[in-house]
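Have a look at the structure below before the remarks.
Numbered from 1 within each chain, the chains take letters A, B, ... in sequence-line order. Computed from a predicted model, the values in this text were never measured in an experiment.
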Amino acid sequence: MSFADLGLIPELLNAVADAGYTEPTPIQRQAIPIVIAGHDVMGGAQTGTGKTAGFTLPLLQRLARHANTSTSPARHQTRALILAPTRELAMQVYESVKTYSRHLPLRATCIYGGVDMNAQIQELRRGIEIVIATPGRLLDHVQQKTINLTQVEMLVLDEADRMLDMGFIPDIRRILSLLPANRQSLLFSATFSEEIKKLADQMLKNPQMVEVARRNMVSETITHVVHPVSSGMKRNLLAHLLRHQPDTQALVFVDTKLVCGRLAHFLERHGISADSIHGDKSQQQRTETLEAFKAGKLRVLVATDVAARGLDIDELPYVINFELPHTAEDYVHRIGRTGRAGHKGNAVSLVCAEEKHWLSEIEKLIKLQIPQEVVPGFEPEPEFFEAGKGGRGRRSAADRTDRVEKTEGARERAPRATQPAAGGKRPPRPTIAPDGFDFSKPYEPATPVPVVDTTTSIAARPDEPPRRGQRPVAFLLGGLGRK
DNA sequence: AAAAAAT
């Protein structure tokens, strides 16, 4: 089975060949002929299955039927609209459209927030057939009458479930009301809740179902592992793991924007090139950081769930859950950034006692018992191994205090600097960082990692998180505040 | 539970 067998026109076949693809993926085999035939599609595909090309190629072919000919009623009008939930995702679809449309006289542009509107307006004035957009900025253009959607022939809703989660429903409905009723619509979603079905009912006419096997929710080329660890030692363990895999890149997920930035700083201070990406960063920073990571200029990208879905990073070997996601579905999306297109991938999760509950939810969903490996020197709280304990529901203030003490205890037990032999060379002091990191540990990465002078850089940083001894107070206050 | 998205 080749792309030619799917009925694609030569211009598209050439573009596919230019991009180096030879064989269509299952979702492409299913979707391409259906879309070319003009049907609406309800697609149940995970990302990383070739979904984007699966709708981009036939969409271009439909538009190419009368591309910019003088007889075309919609010459240089917006004829296709693709909506995506995040800016990065929109950009990625745009790249795909650009790649496959290179031999066709069709123009595409990407419309999203966080950047200057004027450049987008100029671009739209040129006459653009294919617009890839996030909903908010698109509506902004609609309001300013800088885009006309009355000639749209094709609509794609990508990652529809995510759009729902993000509260985009009103925006989507609004956009739908602006489009001609006589159009072809494609809806892609990883899950099918009642709400998605409702949306599909309103949006699609006699849709054909396209679905890749449900059981392959999680790529089989991914190796999963859980490292039980106390919450206080997580970042040290992360640095430890990264130092033992010196040549690999890793995408590290955290739950909050605050932790995101701090963790990236922590890794940088420990000589591991890292940066962070989250929604509070400027769009320019987000774009640049992602580019740097994709280009291999950055070893570690610390991210919130802004990067959890759909992002395609070539041959990314490691996804690390620094914090376990609180829904099992998020786990599937996060680790879906690795093990793509048949490559091998590793999904590593650092799990403390409080997170055990989420772990069992995840294992239920992916129908897989994830092996647990305690890394020596980074043992978890004892309660991690106690059946039924850990993380279910809210914790009382007393519990929280207890947890802090346990965490501090774990730090006390962390390996101490070895005493220098009398008369021997003294290592620089202190060798134990305030956060408990032990610099004297005999790390021997295969290739040396650049060493930063952590003793001075830590002392010099005014924006450090609170030192030991202050933290329990904050925890206590938080606990009391709950009542 | 937090994050994402128009300003």
Side-chain angles (χ1 to χ4, degrees), chain A residues 47 82-93 110-121 124 131-147 157-175 178 189-190 231 251-264 276-287 289-290 301-311 321-334 337 351-352 354-359 361-362 390-395 400 478 481-482:
Chain A
T47 50
I82 305 174
L83 296 174
T86 68
R87 298 164 183 173
E88 280 75 12
L89 222 44
M91 203 58 194
Q92 199 169 280
V93 174
C110 196
I111 298 287
Y112 53 72
V115 294
D116 182 46
M117 256 188 108
N118 287 317
Q120 295 176 354
I121 292 170
L124 286 168
V131 170
I132 301 100
T134 50
R137 179 56 70 89
L138 181 74
L139 284 173
D140 207 349
H141 280 282
V142 167
Q143 238 162 16
Q144 301 206 26
K145 302 204 191 308
T146 46
I147 190 167
L157 208 58
D158 199 7
E159 305 270 343
D161 49 349
R162 180 78 194 280
M163 298 242 212
L164 258 62
D165 289 350
M166 289 166 65
F168 274 146
I169 282 255
D171 285 357
I172 299 290
R173 288 197 203 290
R174 179 89 200 287
I175 292 166
L178 298 166
S189 181
S231 53
L251 177 58
V252 178
F253 281 105
V254 297
D255 281 345
T256 65
K257 291 181 275 201
L258 186 70
V259 172
C260 192
R262 282 188 183 171
L263 187 60
S276 60
I277 183 168
H278 57 71
D280 277 357
K281 294 223 158 183
S282 77
Q283 191 51 42
Q284 191 188 333
Q285 279 179 313
R286 279 166 61 168
T287 307
T289 304
L290 189 60
L301 181 61
V302 187
T304 60
D305 280 326
V306 67
R309 302 206 188 195
L311 281 195
N321 288 307
F322 184 79
E323 291 162 315
L324 216 53
H326 294 200
T327 71
E329 252 168 38
D330 287 343
Y331 180 86
V332 173
H333 288 297
R334 286 181 179 187
R337 302 313 103 220
V351 182
C352 62
E354 287 95 339
E355 296 170 304
K356 256 172 65 183
H357 171 63
W358 307 120
L359 185 59
E361 293 286 308
I362 289 163
R392 201 174 290 268
R394 232 170 280 117
R395 296 175 69 92
R400 296 171 72 85
R482 270 177 170 289

>> Please tell me if Arg137(A) has a side-chain N or O lying less than 4.0 Å from either OP1 or OP2 of dT7(B).
In response: yes
> Would you say Thr134(A) reaches dA6(B)'s phosphate, i.e. side-chain N/O to OP1/OP2 under 4.0 Å?
Replying inline: yes
>> From the set dA5(B), dA2(B), dA6(B), return the single nucleotide nearest to any side-chain atom of Asp305(A).
In response: dA2(B)
>> If the condition is side-chain hydrogen bond (donor to acceptor under 3.5 Å, both in side chains), which residues does Asp165(A) pass it with, not counting sequence neighbours?
In response: none
>> Checking Arg87(A) now: which residues fulfil side-chain hydrogen bond (donor to acceptor under 3.5 Å, both in side chains) with it, not counting sequence neighbours?
In response: Gln283(A)
>> Using whole Å, what does the distance between atom P of nucleotide dA5(B) and atom CZ of Arg286(A) come to?
In response: 4 Å
>> Could you check whether any side-chain heavy atom of Val115(A) comes within less than 4.5 Å of a side-chain heavy atom of Thr287(A), counting everything from C-beta outward?
In response: no
> Starting at CE of Met166(A) and ending at P of dA5(B), how long is that distance when rounded to a whole Å?
Replying inline: 5 Å
>> I need the NZ-C1' distance between Lys281(A) and dA3(B), as an integer number of Å.
In response: 16 Å
> Considering the options Leu139(A), Val131(A), Asp140(A), which one meets the side-chain contact (heavy atoms from CB on, under 4.5 Å) requirement together with Ile147(A)?
Replying inline: Val131(A)
>> Strictly distance-based, threshold 3.5 Å: is any side-chain N or O of Arg286(A) a donor or acceptor partner for the main-chain N or O of Glu88(A)?
In response: no
> NA contact type, Asp165(A), heavy-atom cut-off 4.0 Å: base, sugar-phosphate, or nothing?
Replying inline: base
>> By the 4.0 Å heavy-atom rule, please label Gly114(A) as base, sugar-phosphate, or nothing.
In response: sugar-phosphate
> Counting side-chain heavy atoms from C-beta on, which of dA5(B), dA3(B), dA6(B) comes nearest to Thr256(A)?
Replying inline: dA3(B)
> Could you state the CG-C1' distance from Asp330(A) to dA2(B), rounded to the nearest angstrom?
Replying inline: 9 Å
> Atom CG of Asn118(A) to atom P of dT7(B): distance rounded to whole Å?
Replying inline: 13 Å
> Separation of Leu311(A) atom CG from dA3(B) atom P, in whole Å?
Replying inline: 17 Å
>> Distance check needed: dA6(B) P versus Ile111(A) CD1, whole Å only.
In response: 11 Å
>> Can you see if the side chain of Arg87(A) gets near the phosphate of dA5(B) - specifically, an N or O under 4.0 Å from OP1 or OP2?
In response: yes
> Rounding to a whole Å, what distance do you find between His141(A):NE2 and dT7(B):C1'?
Replying inline: 13 Å
